[in-house]
There are 2 protein chains.
Amino acid sequence: MQNGIDDDTAASCLAALGHPTRLKLYRTLVRAGPDGAPVGALQESLGVPASTLSHHVQALAGAGLVVQERNGRVLTTRADYDTMNRLIGFLTDQCCQGM
Amino acid sequence: MQNGIDDDTAASCLAALGHPTRLKLYRTLVRAGPDGAPVGALQESLGVPASTLSHHVQALAGAGLVVQERNGRVLTTRADYDTMNRLIGFLTDQCCQGM
DNA sequence: CCTATAATTCGATATTTCTAGAAATATAGT
DNA sequence: ACTATATTTCTAGAAATATCGAATTATAGG
């Protein structure tokens, strides 16, 4: 199975998710499933200007929470569940005192 | 059992934990156990100036991740596991698509 | 090659966060 | 009252983040 993440990586992930728009964005990608969604579709469903959204997507990508793949003009973004699972593992192991 | 948290509360918790110093702080409190730790002890173990630390503690308290209780001159801070468990529940339920 | 579409990067501003010294508050003991 | 200790609040500057229109890049199809 995947190994754990360090403190600073965990903090980066948490910071990336710690913004209402980005958290909604991430959840939208999770609901979109393993095929992900093009940026344009995210823009429509979140109602955020394209340039703003682009920055938020990059913030999540920088933390490793999403990956992007280009298919022609369309840039598909999808959630990286591995990173999320490692993050949850970190919180469960390091922040819960065996509860 | 505890009920879930909403999007905005989750984002606040994630933002509060999304800072290296605050994440270390929270982990230190978890390791300190249910009795918590006085601010002074945290200051010593983290090596952060008192005023800076005070702000970070308040950031965690504002998100409901820690609670403080005064005993004489000593202000004891302890982790609120309930909030953390709700946060982990949120991430597991809303951000993992049943994985 | 031209046009349309998808998305990013640029540029500029506004806002928030972070940091930490100094001053203030709260409490305890003498 | 006085002094020491614990912690916060005040203040202010620096750094980072957020926002979004306009310009730009990349690609596809005629």
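Heavy-atom basis, side chains included; hydrogens, waters and symmetry copies ignored. We name chains A, B, ... by the order of the sequence lines, and we start the count at 1 in each one.
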Nearest whole Å is fine: how far is [N] [atom2] from [X] [atom1]?
| X | N | atom1 | atom2 | result |
| --- | --- | --- | --- | --- |
| A:Lys24 | D:dA18 | NZ | P | 14 Å |
| B:Gln43 | C:dT19 | CD | P | 14 Å |
| A:Leu42 | C:dA7 | CG | P | 8 Å |
| B:Leu23 | C:dC18 | CG | P | 13 Å |
| A:Leu46 | C:dA7 | CG | P | 13 Å |
| B:Leu75 | C:dT25 | CG | P | 17 Å |
| A:Leu60 | D:dT17 | CG | P | 14 Å |
| A:Arg70 | D:dA28 | CZ | P | 9 Å |

Look at the side-chain N and O atoms of [X] and state whether any lies under 4.0 Å from the OP1 or OP2 oxygen of [N].
| X | N | value |
| --- | --- | --- |
| A:His56 | D:dT17 | no |
| A:Gln68 | C:dA7 | no |
| B:Arg73 | C:dT25 | no |
| A:Ser51 | D:dC20 | no |
| A:Thr52 | D:dC20 | yes |

Exercise for review: Side chain of B:Ser54 only, please: which of C:dC18, D:dT9, C:dT9 is the nearest?
Suggested key: D:dT9
Revision key, fill the gap. Looking only at D:dT19, D:dT8, D:dC20, the nucleotide nearest the A:His19 side chain is D:dT19
Revision key, fill the gap. Assign each of A:Arg22 and A:Gly72 the nucleotide of DNA chain D bearing its closest heavy atom; nearer the 5' end lies the nucleotide of A:Arg22
Point to revise | Sugar-phosphate, base or nothing in reach of B:His55, heavy atoms under 4.0 Å | key: base
Check your understanding: NA contact type, A:Gln58, heavy-atom cut-off 4.0 Å: base, sugar-phosphate, or nothing?
Key -> sugar-phosphate
Practice item. Could you tell me the separation between the CG atom of A:Leu23 and the SG atom of B:Cys95, rounded to the nearest 0.5 Å? Key: 5.5 Å
Practice item. Examine distances only and state if a side-chain atom of A:Asp6 and a backbone atom of A:Thr9 form a donor-acceptor pair shorter than 3.5 Å. Key: yes
Review point. Do A:Val39 and A:Gln68 come close enough that some side-chain heavy atom pair is under 4.5 Å?
Key: yes
Review point. Do you know which of B:Asp80, B:Leu17, B:Val67 makes side-chain contact (heavy atoms from CB on, under 4.5 Å) with B:Leu60?
Key: B:Leu17
Study note, to complete from the structure: Only residue of A:Leu91, A:Asn85, A:Ile88 satisfying side-chain contact (heavy atoms from CB on, under 4.5 Å) with B:Thr92 is A:Ile88
